[in-house]
There are 2 protein chains.
Amino acid sequence: MMESKTHEVTVDIVILTIRKKKLEVLLIQRGQEPYKDKWAIPGGFIRLTENLDDAAKRVLFEKTHVKDIYLEQLYTFGDPYRYPNARVITVSYFALIRSDDLKLEAAAGLNIQQINWHSVYNLPDLAFDHRQILDYGMKRLRERLEYTPVAFQLLPRKFTLTQLQRTYEVILNTDLDKRNFRKKMLSLGILNEYEEFTKASSKRPARLYSFNDEIIKAQTGFVVDI
Amino acid sequence: MMESKTHEVTVDIVILTIRKKKLEVLLIQRGQEPYKDKWAIPGGFIRLTENLDDAAKRVLFEKTHVKDIYLEQLYTFGDPYRYPNARVITVSYFALIRSDDLKLEAAAGLNIQQINWHSVYNLPDLAFDHRQILDYGMKRLRERLEYTPVAFQLLPRKFTLTQLQRTYEVILNTDLDKRNFRKKMLSLGILNEYEEFTKASSKRPARLYSFNDEIIKAQTGFVVDI
DNA sequence: GCAAAAGTGTTCAATGTACACCCATGC
DNA sequence: GCATGGGTGTACATTGAACACTTTTGC
């Protein structure tokens, strides 16, 4: 089964977003064998002089035309049979993106391939072991959310507390108590409160908040990059 | 700087133990360039038809002659300059071992190389980026200890609560309150209590406990393998 | 009888959880 | 004036933290 004489190494990226109030993942329909026409998470080969994070950033940019988003190494998969007829080890990453930052037309225009968001609860068959990688990415996202405010990577700079709560609910796939959620978020001291409100669309306007970049950076090392 | 035309892929293993009431790591003094005579964590190349966990197990066995110990993938390091004159990506693992399970003479006998335990707080200069890998391993161990009972991997099958507490203290590098520690451990319901006691060596005998294999397995997936 | 480690409970603070009503707006 | 989502507080349970003395043994 093994034709190659060397290891090849790729990065594969689980790109998650929230869209239509659902947690969705970016998939590309493969244009060539193996697994032609199957959907797969975006990936590509690592260049010899490129470090892993840079390779992930490059692949991300090539496929989505988006830069400067949250990216974290997940796990490395290297079963010798995961890729037909070659030994391909993949270093997986996960990325979070605001879905409206990504114009799928632009992304698709760069390639011929189909590229689309898919609900993580309603997935087609995926190529290779990509289902396993995706599951691992979602698990990691939920773990992260429990003790870091990664949700800000999925929200506009200014947002309402209800938007923030919906983000948590979608990721954790559970309902949260409104009063407890607000109390908790405000007590963390990581939010800036504005005197701005949403322009009502037939209901009471909601106060806008943003994450406090300095505190986020101090607590997590994330640089907020809007 | 880059002479190779392909990626090479290795595993490197942070092997930790508790010995002489200290957290120690197994290091091998390199017998050849690069970094000849420097200390390094054990590692080796991944074979083409071998999956990553198996490669780690094999390297672990080759270097230590020990099987069936706790092993977990850590992180993949792939800076193009981490290894001189070649592109070597390494998938790092961490392992926990009871130090008396490992006879260093036997391990050293297999190779010519020096092999030795080193306190993690008093390390020589390490080859490559191994210091970074080791730090990452210790961080992971501490995280694991906060919500899984990995400590049993470092203790004999039957142990006293004081031994267990010392294990936690050494790993976390902090002192713990005896009463609170015991209350917590017993309340977790993961310990079997025996009517056996240590044979006193001039002080009050201590009750022996073991971890409940079924509960550990259900909670963590670990198979206890003594 | 004394040195040395084993063993044992209570109080307080902080955190998490459950739960229901009024408010501001557009129509 | 009513429908819609925004906004607020209190009581209770659970968990973690601080803290000191008695017990059992070998010598």
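Convention: sequence-line order gives letters A, B, ...; per-chain numbering from 1. Note: hydrogens, waters and symmetry copies are ignored here, and every other heavy atom, side chains too, is used.
- Using a 4.0 Å cut-off between charged side-chain N and carboxylate O, A:E146 and A:R142 make no salt bridge.
- What separates CG of B:N180 from P of C:dT10 is a distance of 14 Å, to the nearest Å.
- With 3.5 Å as the limit, one finds a donor-acceptor pair spanning the side chains of A:Y194 and A:S210.
- If you take CD of A:E146 and C1' of C:dT15, they are 15 Å apart, rounded to a whole angstrom.
- In this entry the distance linking NZ of B:K184 with C1' of C:dG7 reads 20 Å, nearest Å.
- Atom CG in B:L176 sits about 13 Å away from atom C1' in D:dG16, given to the nearest Å.
- Between A:L186 atom CG and D:dT8 atom P the separation is 8 Å, expressed in whole Å.
- Residue B:T162 places at least one side-chain N or O under 4.0 Å from the OP1 or OP2 atom of C:dA6.
- Distance, A:Q163 CD to D:dG7 C1': 16 Å, rounded to whole Å.
- Among the atoms of the strands shown, base atoms are found under 4.0 Å from some heavy atom of B:K178.
- Donor-acceptor pairing under 3.5 Å, judged by distance alone, is present between the side chain of A:R179 and the base of C:dA20.
- Using a 4.0 Å cut-off between charged side-chain N and carboxylate O, A:R144 and A:E72 make a salt bridge.
- Among the nucleotides C:dA18, C:dA5, D:dG6, the one closest to any side-chain atom of A:R204 is D:dG6.
- Using a 4.0 Å heavy-atom cutoff across all strands shown, B:R182 reaches at least one base atom of the nucleic acid.
- Remark: of the listed residues A:I41, A:V14, A:L102, A:L102 is the sole one forming a side chain to side chain contact (heavy atoms under 4.5 Å, CB included) with A:L26.
- To the nearest 0.5 angstrom, A:L23 atom CG is 13.5 Å from A:E169 atom CD.
- The interatomic distance linking A:M185 (CE) with C:dT15 (P) rounds to 15 Å, in whole Å.
- Counting to the nearest Å, the P atom of D:dG6 and the OH atom of A:Y209 are 12 Å from each other.
- Looking at which nucleotide of DNA chain C each of B:R207 and A:D177 is closest to, the 5′-most match is held by B:R207.
- Across D:dT23, D:dG6, D:dG5, the shortest atom-to-atom separation from the side chain of A:K203 is found for D:dG5.
- With hydrogens and angles left out, the side chain of A:K183 and the base of C:dT17 share a donor-acceptor pair within 3.5 Å.
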